[in-house]
Amino acid sequence: MLKSTIELARYGIPWLGPAMAFLGGLALLAEGKGQWPAIAVIFGSVLSAGGIYSLLRSLRKGEKERALLDVRMLQSHKLASLGELTAGIAHEINNPLAIIGREAEWLEHLLSTMPPAEGVPRKELLESVREVGVQVNRCREITQNLLSFARKMEPIFQKVDVNRLVEDMVKLVETETQGKGIEIVRDYQQPMEPIMTDPPGLRQVMLNLLNNARQAIEGRGQITIRTRALEDGRVQIAVEDTGCGIPREHLPRIFDPFFTTKAHGKGTGLGLSICHGIVDRLGGRIWVRSEPGLGSTFVVELPATPKRAS
Amino acid sequence: MEGEMPKVLLVDDEERFRVTTARLLGVRGFQVGTAGSGVEALEELERNPYDVVVLDVKMPGVSGIEALAEIKRRQPQVEVLILTGHASVDAAVEIMRLGGCEYLLKPCSMDELVEKIERALERKAMKEGSEEKP
Ligand SMILES: Nc1ncnc2c1ncn2[C@@H]1O[C@H](COP(=O)(O)OP(=O)(O)OP(=O)(O)O)[C@@H](O)[C@H]1O
Ligand SMILES: [Mg+2]
């Protein structure tokens, strides 16, 4: 996060100067101090719009750099932070962009209502200031694309019957385990109050955990799925397997993106990091208990209702 | 009411944006008041009548959403137009729930803003019309 702030500042500084020239010139112009301020305003605004535009482009276009940055950011255990960062940048830029656009419109108004004066190339000034507007629109398209990308990652909370959702996913995985010596045991607390959560997100989490459990079992074994409601309404979902277990030294790393012990082409190492990101966004927690050689238990705990995002 | 300039209250914490947008709205034939925060907006609404409030929902102090709820509670006849650099599903849902007002994303051109304000004025006129002749 700090790194990206520094990066943002580095890109941001080049257009600060022009922006100041723009505002200063505008102030002088408003006081009727002749044509030079007008020219400062135009250059300032063109340059600052250009600066913002190139910042946005470098954010969007540098896919390769982005990919690298992504990997580093993913290390912080949060896949979700990419979406948050993107939305944050887009929001921060929309406000100055709105000001630049508005000032350009005001300038256009002033220029077009100004009586013709000797030596003032009014037509060119107008053309130039309109170009600022065009470029602001271009930036706006980019920030809005960034925002809609980020929005896709936002959960949509609704009433969910946890047992039913869990059972749907268990059934799905059961079709894979049938006839392979893996027994599935269900231990659902009934009845259970529905909770407010994001169904597609929770399904994804369950699927990843169940697949990991299945893959951890070599030969015969058992997967137990438990649901429990705590007194304060929180809900816990546990996926317990009698598989290989997780060596102590791997425990701190299993939620890291790209950490995998599976053969090439078998695992990407993204499953648990995605789970972690989703559970985070749902306002919950995920943790693991494991005994090497005996098995592992992953527990997902979710609030009855998510705390309001501020 | 006929012939009078429609009154717009512009609420935004960015001073420069407020000043210039107010000037341009003036040029377009609106009578404009401004406020730099939700609290100022509520105070200004107590002092002077307005037809439309243009509100930025991301402001320090009372958040725009809280201000919106309070405006709707105190003066349900005022139309509110949300203008913001932020857009999240949560905020949009909340805004709709609080009175179905319109939503405009920053940056927006004066043409877009004026169009939305005019639509809000039409809605207001329609509501008042239907109240007068039941
Ligand atoms: N139930 C489990 N039992 C034993 N080890 C596990 C279990 N779940 C995860 N692990 C360990 O954690 C690692 C990371 O899991 P994760 O789901 O993130 O990735 P993956 O399963 O390797 O690949 P992917 O899920 O992307 O196909 C696994 O490679 C494995 O070593
Ligand atoms: Mg996995």
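Computation of the quantities below employed the complete heavy-atom set of this structure, encompassing side-chain atoms and omitting hydrogens, waters and symmetry-equivalent molecules. Just so we're on the same page: letters track the sequence lines, and every chain starts at 1.
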With a 4.5 Å heavy-atom cut-off, do B:Pro107 and A:Arg102 have their side chains touching?
-> no
With a cut-off of 6.0 Å (strictly less than), are more than 12 heavy atoms of other residues, nucleotides or ligands near CD of B:Gln77?
-> yes
For A:Glu193, does the CD atom sit with more than 12 other heavy atoms under 6.0 Å from it, leaving out its own atoms?
-> no
With A:Glu127, which residues qualify under side-chain contact (heavy atoms from CB on, under 4.5 Å), at least two apart?
-> A:Lys123
Give a yes or no on whether B:Arg74 atom CZ has more than 12 heavy-atom contacts from other residues, nucleotides or ligands under 6.0 Å away.
-> yes
Are B:Lys106 and A:Leu97 close enough that some pair of their side-chain heavy atoms sits under 4.5 Å apart?
-> no
Do the side chains of A:Asn95 and B:Asp56 get nearer than 4.5 Å, heavy atoms only?
-> yes
Value rounded to 0.5 Å, distance of OG1 in B:Thr20 from CD1 in A:Ile100 | 12.0 Å
Side chain to side chain donor-acceptor pair (under 3.5 Å) filter on B:Glu115, not counting sequence neighbours, yields B:Arg119
Mark yes or no for whether A:Glu105, through its side chain, and B:Met110, through its backbone, hold a donor-acceptor pair below 3.5 Å.
-> yes
B:Arg16 side chain reached by A:Glu103 side chain, heavy atoms, under 4.5 Å | yes
